[in-house]
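These notes are about the structure you will find just below.
We count ligands from 1, going down the list as the structure has it; atoms in each ligand are counted the same way. These values consider heavy atoms only, across backbone and side chains, with no hydrogens, waters or symmetry-generated copies. These numbers come from a predicted model, not from an experiment.
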Amino acid sequence: MSIAGGVHTAVERGISIGCTTMQMFVKNNNQWRGKELTDEDISTYKKLLQESSIGPVVVHDTYLINLCATDKQILRKSRAALKDELDRCEMLGVEYLNFHPGSHIGAGEKEGIKRIAESLNIVHDQTRGYGVRSVLETTAGQGTAIGYRFEQLREIIDLVDDAERMAVCVDTCHVFAAGYDIATERGYEKTFKDFDAVIGLGRLAAFHVNDSKREFGSRVDRHEHIGKGAIGKTGFRLLMNDDRFRTIPKILETPKGPEMKEDVKNMRLLRSLVVREDA
Ligand code: ZN
Ligand code: MN
Ligand code: MN
């Protein structure tokens with residue numbers, strides 16, 4: 001959800017199209033610095049949210065952050081920016097801060113994983129006692145992105161001192177592009193069996209529900225409207241009827257315009273896939 005006009009407008013937008021959960025940014029998503037949240041911003045947001053049926057709320061971090069940047073300057077800025085994101089989430093009472101683990105830019109995956117965990121330990125130290133969870137998002141593995149294998153997320157979590165604060169978000173487009181075939185029943189079952197064995201379903205905080213423009217295993221991150229891409233309706237039917245995930249937030253990150261007609265259409269389609277036992 002856009003926050004153009006203030007963070008509380010994301011809640012208004014969510015209410016207007018019947019969301020039960022939502023994702024937003026807490027600052028401009030392509031700038032290092034953001035305008036401070038005022039007391040009024042915070043109280044208006046909280047009041048609206050409380051009166052709504054929306055929750056939990058997921059925040060996506062800004063795209064500039066790279067927790068394993070090789071450039072010292074960018075690494076320092078990334079850590080400060082992540083701390084700022086956590087501060088904002090905490091002020092707003094947001095449950096989950098979702099972010100991509102990082103891109104190693106040639107330093108190698110092992111080195112990248114170590115640096116990401118180091119970044120998280122530093123930032124967690126600066127934000128002791130916060131309630132907001134740090135949520136690693138699965139990636140498509142485009143370029144030098146880390147997080148396209150569940151094992152990589154496991155390694156990061158294992159290196160984080162306060163592992164209680166760590167959770168994971170499964171992006172359906174990303175995992176499919178990364179080589180987890182959620183488009184078929186067999187592949188879907190195997191994917192979540194793997195996830196449970198490697199990470200544990202208890203750490204699953206949210207889904208990004210996106211179809212994929214590109215083919216299975218492409219390692220390319222291009223989102224498509226639900227049912228219009230290479231995953232197709234079968235994969236989403238399996239997800240929408242999976243009892244294990246009934247209360248896990250499912251967020252759309254599909255292309256959209258300011259009137260959100262596309263979101264309405266995608267939500268309607270996803271909800272229509274739910275098989276009602278009482279019918
Ligand atoms: Zn993301
Ligand atoms: Mn995503
Ligand atoms: Mn993506």
Please assess Glu109 against Gln152 for the test side chain to side chain contact (heavy atoms under 4.5 Å, CB included), listing each intermediate value before the final yes or no.
CA-CA 9 Å; Glu109 290 174 350; Gln152 297 173 335; 3.4 Å; yes
Proximal heteroatom of [X] relative to the Mn ion (ligand 2) (N/O/S):
{"X": "His208", "value": "ND1"}
{"X": "Glu137", "value": "OE2"}
{"X": "Asp171", "value": "OD2"}

Answer yes or no: is there a side-chain heavy-atom contact under 4.5 Å between Ile251 and Thr21?
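When only atoms from C-beta onward are counted, Thr21 and Ile251 do touch, with a gap below 4.5 Å.
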Evaluate the side-chain proximity of Phe216 to Tyr180: yes if any heavy-atom separation is below 4.5 Å, no if none is.
no
Where the Mn ion (ligand 3) is the vertex, angle from His174 NE2 to His223 NE2 to 10°:
100°
Which residues share a side-chain contact (heavy atoms from CB on, under 4.5 Å) with Thr138, sequence neighbours left out
Phe150, Leu153, Val168, Val170, Asp171, His174, Val175
Tell me which pairs pass ring pair (Phe, Tyr, Trp, His ring centres under 6.0 Å) where either residue lies in residues 27-50, with sequence neighbours left out.
none
With a cut-off of 2.8 Å, does any N, O or S atom of Cys173 fall short of it relative to the Mn ion (ligand 2)?
no
The Mn ion (ligand 3) and Glu253: any N/O/S contact shorter than 2.8 Å?
no
